[in-house]
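Take a look at the structure below.
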Amino acid sequence: MSKLIFEKGACGRNGISLPEMDVPFQGVGGLIPKNLLRKELPLPELSEPEVVRHYTNLSKLNFSVDGNFYPLGSCTMKYNPKINEELAALPGFTQLHPYQGEESVQGALELMYNLEKNLSEIVGMERMTLQPAAGAHGELTGILMLRAFFKDKGESRKKIIIPDASHGTNPASAVLGGFEIVEVATDNSGGIDIEALKKVMNEEAACLMLTNPSTLGLFEENILEVSSIVHKAGGLLYGDGANLNALLGKARFGDMGFDLVHLNLHKTFAAPHGGGGPGGGPLGVKKQLIPYLPVPLVDRQGGRFFLNYDLPGSIGRMRSFYGNFLVMLKAYVYILSLGEEGLRKAAENAVLNANYLRAKLKDYYELPYKKICLHEVIFSGSRQKAKGVRTLDIAKRLIDFGMHPPTIYFPLNVPEALMIEPTETETKETLDYFIEIMKRIAGEAEENPQLLHQAPHNAPVGRLDEAKAAREIDVAWQASG
Amino acid sequence: MSKLIFEKGACGRNGISLPEMDVPFQGVGGLIPKNLLRKELPLPELSEPEVVRHYTNLSKLNFSVDGNFYPLGSCTMKYNPKINEELAALPGFTQLHPYQGEESVQGALELMYNLEKNLSEIVGMERMTLQPAAGAHGELTGILMLRAFFKDKGESRKKIIIPDASHGTNPASAVLGGFEIVEVATDNSGGIDIEALKKVMNEEAACLMLTNPSTLGLFEENILEVSSIVHKAGGLLYGDGANLNALLGKARFGDMGFDLVHLNLHKTFAAPHGGGGPGGGPLGVKKQLIPYLPVPLVDRQGGRFFLNYDLPGSIGRMRSFYGNFLVMLKAYVYILSLGEEGLRKAAENAVLNANYLRAKLKDYYELPYKKICLHEVIFSGSRQKAKGVRTLDIAKRLIDFGMHPPTIYFPLNVPEALMIEPTETETKETLDYFIEIMKRIAGEAEENPQLLHQAPHNAPVGRLDEAKAAREIDVAWQASG
Amino acid sequence: MDYSGNTPLQQKKMLAEIGLRSLDELFQSIPEGVKLKSSLNLPKQLSEIELVRELKDLADKNKSTSDYSLFLGGGYYDHFVPSALKYLIGRPEFYTAYTPYQAEASQGILQAIYEYQTFITLLTGMEVSNASLYDGATALAEAAFMAVRINKRNTILAAQTLHPEYLAVLKTYLAGLDLTLRVIPHNEGKVDLKELKNYLNKDVSAVILPQPNFFGIFEEGEKTASLARKNGSLCIASVDPISLGIISPPGKWGADIVVGEGQALGSGLNFGGPGLGFIACRMEFMRKIPGRLAGKTRDERGKTGYVLTLQTREQHIRREKATSNICSNHALSALAAAIYLSLLGKNGLRKTAELCLGKAHYLSEKIAEIPGYELKFQKPFFKEFVISSPHPVSKINRKLLENKIIGGLDLERFYPVFKNCMLLAVTEKRTKEEIDKLVKVLKSL
Amino acid sequence: MDYSGNTPLQQKKMLAEIGLRSLDELFQSIPEGVKLKSSLNLPKQLSEIELVRELKDLADKNKSTSDYSLFLGGGYYDHFVPSALKYLIGRPEFYTAYTPYQAEASQGILQAIYEYQTFITLLTGMEVSNASLYDGATALAEAAFMAVRINKRNTILAAQTLHPEYLAVLKTYLAGLDLTLRVIPHNEGKVDLKELKNYLNKDVSAVILPQPNFFGIFEEGEKTASLARKNGSLCIASVDPISLGIISPPGKWGADIVVGEGQALGSGLNFGGPGLGFIACRMEFMRKIPGRLAGKTRDERGKTGYVLTLQTREQHIRREKATSNICSNHALSALAAAIYLSLLGKNGLRKTAELCLGKAHYLSEKIAEIPGYELKFQKPFFKEFVISSPHPVSKINRKLLENKIIGGLDLERFYPVFKNCMLLAVTEKRTKEEIDKLVKVLKSL
Ligand SMILES: Cc1ncc(COP(=O)(O)O)c(C=O)c1O
Ligand SMILES: Cc1ncc(COP(=O)(O)O)c(C=O)c1O
């Protein structure tokens, strides 16, 4: 592996040129009490060319959507349009301070206002907060809102029902909101177990947190019944909208009975994932929950946009300022680029691509749910497991062919899960290549399991020892070595 | 190797969205005579993600200064500062049409005016044309000017004297200007052979084209004598300033007796080479040559800058418009970033780096000129040649270690030449690594020549067959295959 | 432009392979009752040429610091973003990748995160940093949760001199877990240590102290930390990373957890986001830290590599028992911070801090010389300070805006008692000329 | 900021290794008499923050098409540059590389050049394209030299309807080799074929024809080429690459060499440079083409790769016997062209050409309706046309500029007889709204 930045550089080198002090300056000592002064600043010293070469070469060790097929399930690794990046770099957007007077940021506020309108329309909600910085943050926002909602109603509902196939953030967020988790199973067809739900959906349960389409890539076919069970018991239906990509222009959370739903702008709306973030996790709600939305909202009075802090029932603030504005901007540009027609086409192609993979690979890998899927298809590596090859081995082997592995071992209710989400921006040619390689790997699992156990063979590093990493913890370089 | 762009795509795919026709349009047929209409347009059809992935992955097959040590001699592959690129992308510069009225491009003209002033000062010339698009273009401009100069003087000088070590563009440009070439040899110390020069520098010779420092990385120590020989014989002294990097703030062409000199903005002034260009090859001249400069020049009247076409003796135009404006801009930013002090430091470090390599490698490779060099050091692979290893093999082996090879087989008067120009932006650490590898290769040449003959081993392709390329010419893909 | 890959012909072929006849059939699992029948009320699709125009029009409705001189701070600052940094974080190898779940295909971002974590420890004097959080405010809330997990106490004390929005976020977050938030009042712009003592009791999990505080003033870190320690409570510091170029790091003066807004480290203003939340702690608390951690390891051949480690703390493994619900973080902003600190290095960061310090004090002195204006708190400060003025802040700011200056923050918005008080920030980007112009406009009022 | 790598300490160590005591000693080969003793008169060094301000100030003194509607053409056009293209040519792997002398370390740019060459052949209907030249004008001069090398004749005939600056460059270049340039007059905006016949004789090496010509008008390519061929001369076409989306390619109508300005293919305006010179020819002339050529080959294992080929034509091998003196070319602009044509593809290029055609005609009709204005030449044109007006062009343009419109080219500058004549260009970027506004301003005069 390449040297660390701390092992480079030399004493006295500079990576930046700063202006000279152009005002009278008596020195740090004259302005800051001695005991507050820093003695050592153990940072490296590098030249600009050195830093550029270091990070340029680091970047080359990464797989990315621009360079590789990246069918990471549940992550919707679609192409991130360059025009979105270009427009998000306009100084008129990047060089705005959040506390500027509203009259000097009307363009930014208008954009947020429009985005909220458009997203609300797409998912069929009444209003939306753009504040949450990611999906999980949107979840927590929703959880805190429904807690406030039930508090106002004088109901003390302490539980939240979550299917076993759900994403880990769902239970984690619910717990942070002060709730206990009740898990419900997935039935044989991949839907929520209705009978189990009926048993737990009572006056103690505040809500069902449902991912739709589910993390199995399936539409919750009994959604109307589910919704009515939840609502009849006085609960709310929370939607995890991370998989909205499959439903764009096809169906809306609002119409299915969801009371609140969060989206992931960094998935469905083509904002880049940035190697982990920043993202955007707006939360949309039906009318009865509007009073609880975090402040501020962007509202309009005549032709003027303003930040509305006047929400007495609000849960307060979920973060500083107004959210990840540049991420919102990219989502907005994306919606304008595609229009309704384009959004619908995106959903269609995403679903088509997943089903194509399903059809072409189902003879080679175990398909736990034998039906048409939506944006992603879940296989199980159970057949290969029987030969001593784990899903992890299959995943690592894909790297040798320049393709990023799918999500693995999730959802938890599928053993040896391989969760494949090709997205709509990939071509049939790319899928065909993936299929060819997946078939080849299935063959290798039979004939040469060793090859898979030792994969990857062509990556910048071989199989990394995660156990060692957790055992001999080293999470920061130390000068001594 | 990766597929060609023409082997990708599919009928009906689009990489761009264009606006709808928003004016009444009767169709192409109504506006263009039938016989002029195109029948087939055999271009590929690709999606934007496909194109982005294609060229992103192609780029990864390239070595570059941002990723690699790139000591290509005579090319001055220094770091290209990012701020130069950022400022050259400002819409106030990129979105200007060359025929806009002068009042609407005052900033652009001011920049050109200042750049001309600064460059003239750096090389000690009276005025400069920024029009030439590259070094060779600057040469031709100079040649045509001195031809016009002698014509005006009523002298018919038909020859141009050029040292054997010179760059190939020198004789090629001189010939395009209608001159015959007289080659003079390099003496044992690496300078021009004074006696030989005296013999040919007569009333038939229009000029001596001299590269200083020479392509041997050496300063022409007899420059004042050379200048006086040329001038006494009524000739002009032309400077190839491609190697100016060694002299920044140290010595000026004007002070050495040169009458005209071209520079390479894409070398000395850190404008990127772009995989071959575009560059900038401004030509500076002494007073007596000003009347012959190409039109237009940028001049100033009061506070107003204007394009001056009023040069009756001008050789005319060397290209459309005013030159590679964005390249000029990068050079200008570079000069402002460094200032005089920084320019001098650049020269010092460039020369220091070359001499460090000289000192550390001279026991391993033949050093034809055993003295202090300037910006680059020339070795000969003659010792290795004796063992059956060519300079080409050494060069290719360097690729295996992630370093771009030096210039090889140039200058022509050094057998098996290895022309190494590290530039000032490389660190001692990088040089030490290069030295280590060069020593290792010298060892391999002794012990394992085969390894070198077959290098590179880790590149995207192995040693390519250039003879085959020239024999079975294929310079464009054809649909049939 | 929908960026889709398949042509109609390909779609047909693929449907045939799947055994379907139309795209509609792909959606047969959606019950008729919820299938969208009508069309959506969305703006018309725009071509790229039109998009550029549309967004440029929006941008032109904003007044940005590329045309205006900014003296606003309040937790977000107009620090310089080096050009090289912008180009590096613009490498799609970084920004179009996901969280590095597959380490062997993600060594670039993993090593960069490891470096980022190291930078944060070096800067703060702590031993462990995570891979990033959303922003300074949520990082603070996470730190409070972390403290509660560590010592199982249920009250958080927070200085009133904290950023008001951080206090607001704390309040929202703590409510979820029924934890108590108590605010320690300040005395003339600085935490009142006597009051703090009164608030300390066995329920206090942690004391939160900003350094410098919202008014730009330096707090008594050492004394606060020591009081907290004696009470068995933790001390959480919320810091300005730029100040750490010259100010003693919290690790030195006794903080247990350090958080902050890292926007200043190369992220720019962005109308408030994305910025960067950072969090660091002492080694003993490592297993309680929220979010991702990159760790060093080796491959089968002994080669060094990096992986996400201690994932058993995280939601995707531990679900409801996770240390936090955070999944996506601000990895790209963390990368920016690593690059920023690499470029500035020891000398650059120190000099940046000095420029802020010097210029802020110059401005404060010049303003204090104007009759009717004065420095509200006479205490050492870093790059931000409060002035009280004879005019309403809104009036001043209107006048400044006419002169291409974006003035300071009207403190009345957060502290009704601070009438006619303005919080001004000065960074290394402001020139004497700009500062003098601001002073001139104030004088002219 | 000098970007140098060595610290003072390292310099010392290195000097010691070299056996010197000071940096000055490194320069001992420079005679005292020419060593620079005084300091240079250069502007003061600026930090990056200051640089940004300085250059922004300069940029702000320009009126750019991001704020103004441009109707200027004359060889350089405001065509759309897709965002993806800008990002791709911004990859430092491309732009910080040199000419690919070492093929194995340069496969990216080599394959891209091979693709570019192919694109140019597909577009022009020729068989060989080189790797690029500086611009359209020098490409034309190179083509003239090439013709002379091919048939050893010494006269070049060029249409008067060529871009006046191309004619000027031709004149300068041809003078160097004592070749004769004769200009064939036009008749009402188009080459007079009768005149052409008069000019043809056994000395004529080539006939140069623009298509469309400087006035936007279509010339008679087929007839011109056939006349040239009968005379044993070559036909050189200078074309607008965008027009080739709908216009028959020169390869079809008989041109032997095709050149043009490729700025429209993704380079943008750049105040006139860098753009792109392209040149293509029939297979039989391949060995006479100037500049670099990328060719396909294989490595030792049989894998396909690309190299610079036929370098024996070039100056670095052949020196004075080279086909040209060109060394650095416009590789990055060529890459841009390849990416542009990949993104637009068959449909995009055709549609772009149609939009230009349609909008230009709409504007021409609207202007012709204004009393006093008329279309100067009543002939089919592409995206550019000449109007004669009742007012001096300078007056019109002043008025337009006030209305945020950059008007057309004053033709009197190049053709003194064309008083009050303006050359207007309309690209796909102009909207009906902008066009109508221009018309409205004209009406208001
Ligand atoms: C189904 C689902 N829910 C929630 C999340 C959490 O989203 P984020 O990472 O933006 O917090 C994810 C992200 O992977 C997800 O796939
Ligand atoms: C010494 C010398 N002269 C002239 C040139 C030609 O410059 P350009 O490639 O810019 O035309 C070069 C370029 O390599 C050179 O090294």
Side-chain angles (χ1 to χ4, degrees), chain A residues 1 15-16 22-23 25 43 45 51 55 58-59 61-66 87 90-92 95-98 104 106-107 133-134 136 168 171-173 175 177 219 272-279 316-317 320-321 324-325 339 342 345 349 356 359 424 427-428 459 461-462 464 469 474 476-477, chain C residues 2 4-5 10 14 18 29 45 55 58-59 61-66 72 88 91-93 95-99 104-105 107-109 118 121 134 137 165 168 172 176 271-274 295-297 299 304-305 309 315-316 319-320 322 325 328-332 342-343 345-346 348 358 362 432:
Chain A
M1 192 70 326
I16 199 121
D22 59 356
V23 298
F25 180 53
L43 296 181
E45 299 173 66
V51 175
Y55 286 105
L58 272 195
S59 79
L61 306 176
N62 255 18
F63 280 35
S64 67
V65 172
D66 272 11
L87 296 174
L90 288 176
Q95 304 193 10
L96 299 181
H97 191 286
S104 73
Q106 283 295 302
S173 300
V175 161
F219 194 88
H273 292 70
R317 277 198 158 275
S320 54
F321 314 118
N324 286 339
F325 175 69
K345 270 186 71 179
N349 280 296
Y356 183 65
E424 72 279 8
T427 62
K428 177 174 180 295
V461 288
L464 288 167
D474 176 352
W477 170 88
Chain C
D2 57 69
S4 292
Q10 288 181 316
M14 294 164 82
I18 300 167
S29 60
Q45 186 270 336
L55 271 283
L58 279 178
K61 291 183 191 166
N62 300 322
K63 301 196 185 347
S64 87
T65 63
S66 72
L72 257 180
L88 289 169
R91 292 205 38 99
E93 285 89 336
Y95 79 81
T96 76
Y98 204 79
T99 305
E104 297 83 357
Q107 285 299 294
I109 190 75
T118 303
T121 61
Y134 307 137
E165 296 196 2
T172 310
F271 198 45
K296 195 167 171 175
T297 187
D299 72 3
T304 296
T309 193
Q315 36 66 31
H316 62 290
R319 300 181 68 83
E320 67 266 28
N325 71 331
S328 290
N329 53 23
H330 277 211
L332 199 68
S342 302
L343 285 168
K346 185 202 296 260
Y362 174 74
K432 179 165 182 300

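If you're wondering where the values come from, they're calculated on a predicted model, not measured in any experiment.
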May I ask you to decide if the ring planes of Phe271(C) and Phe325(A) are parallel, tilted or perpendicular, using 30° and 60° as cut-offs? perpendicular
Does any backbone or side-chain atom of Leu55(C) lie under 4.5 Å from a heavy atom of chain A? Answer side chain, backbone, both or neither. both
Below 4.5 Å from any heavy atom of chain A, which atoms of Tyr362(C) appear? Answer side chain, backbone, both or neither. side chain
Closest non-hydrogen atom pair between Ala137(C) and Ser320(A), with its separation: CB-N, 3.8 Å
CG on Leu96(A) to CG on Leu72(C), rounded to 0.5 Å: 11.5 Å
Residues Tyr356(A) and Ile18(C): closest non-hydrogen pair is N-CD1, 3.6 Å
Given a strict heavy-atom distance threshold of 4.5 Å, which part of Thr172(C) is in contact with chain A: side chain, backbone, both, or neither? both
Using non-hydrogen atoms and a 4.5 Å limit, figure out which bit of Ser66(C) sits close to chain A: side chain, backbone, both or neither. both
Heavy-atom cut-off 4.5 Å, strictly under: side chain, backbone, both or neither for Phe63(A) against chain C? both
Asn325(C) side chain vs Ser173(A) backbone, donor-acceptor pair below 3.5 Å: no
Gap separating the CG atom of Leu88(C) from the CG atom of Leu58(A), nearest 0.5 angstrom: 10.0 Å
Set of residues satisfying salt bridge (charged side-chain N to carboxylate O under 4.0 Å, His left out) with respect to Glu104(C), sequence neighbours excluded: Lys396(A)
Looking only at Gly92(A), Gly274(A), Gly15(A), the option with the highest number of non-hydrogen pairs under 4.5 Å against chain C is Gly274(A)
Between Ser29(C) and Phe219(A) the two heavy atoms that sit nearest each other are OG-CB, 3.5 Å
Quick check for you: to the nearest 0.5 Å, what is the distance between Lys61(C) atom NZ and Gln106(A) atom CD? 8.5 Å
Nearest heavy-atom contact between Asp66(A) and Pro92(C) is OD2-CB, 3.0 Å
Flag the one option from Ser104(A), Gly279(A), Ala359(A) with the top tally of heavy-atom pairs under 4.5 Å to chain C. Ser104(A)
Under a 4.5 Å cutoff for heavy-atom pairs, which residue among Gln45(C), Glu165(C), Lys63(C) has the most contacts with chain A? Glu165(C)
Among Ala322(C), Gly345(C), Ala168(C), Ala331(C), the residue with the most heavy-atom pairs under 4.5 Å to chain A is Ala331(C)
What residue, out of Ile109(C), Thr309(C), Thr118(C), Thr121(C), has the most heavy-atom pairs lying under 4.5 Å from chain A? Thr118(C)
Shortest non-hydrogen contact from Ala97(C) toward Asn62(A): CB-ND2, 4.1 Å
Option that, when pairs with chain C are counted at under 4.5 Å, heavy atom only, ranks first among Gly316(A), Ser64(A), Gly342(A), Gly339(A): Ser64(A)
To the nearest 0.5 angstrom, please state how far the CG atom of Leu61(A) sits from the CD atom of Glu93(C). 10.0 Å
For the residue pair Pro278(A) and Leu332(C), what are the closest heavy atoms and their distance? CD-CB, 3.9 Å
At what distance, to the nearest 0.5 angstrom, does CD of Gln10(C) lie from OG1 of Thr427(A)? 7.0 Å
With a 4.5 Å cut-off on heavy-atom pairs, point out which of His273(A), Lys345(A), Arg317(A) contacts chain C the most. Arg317(A)
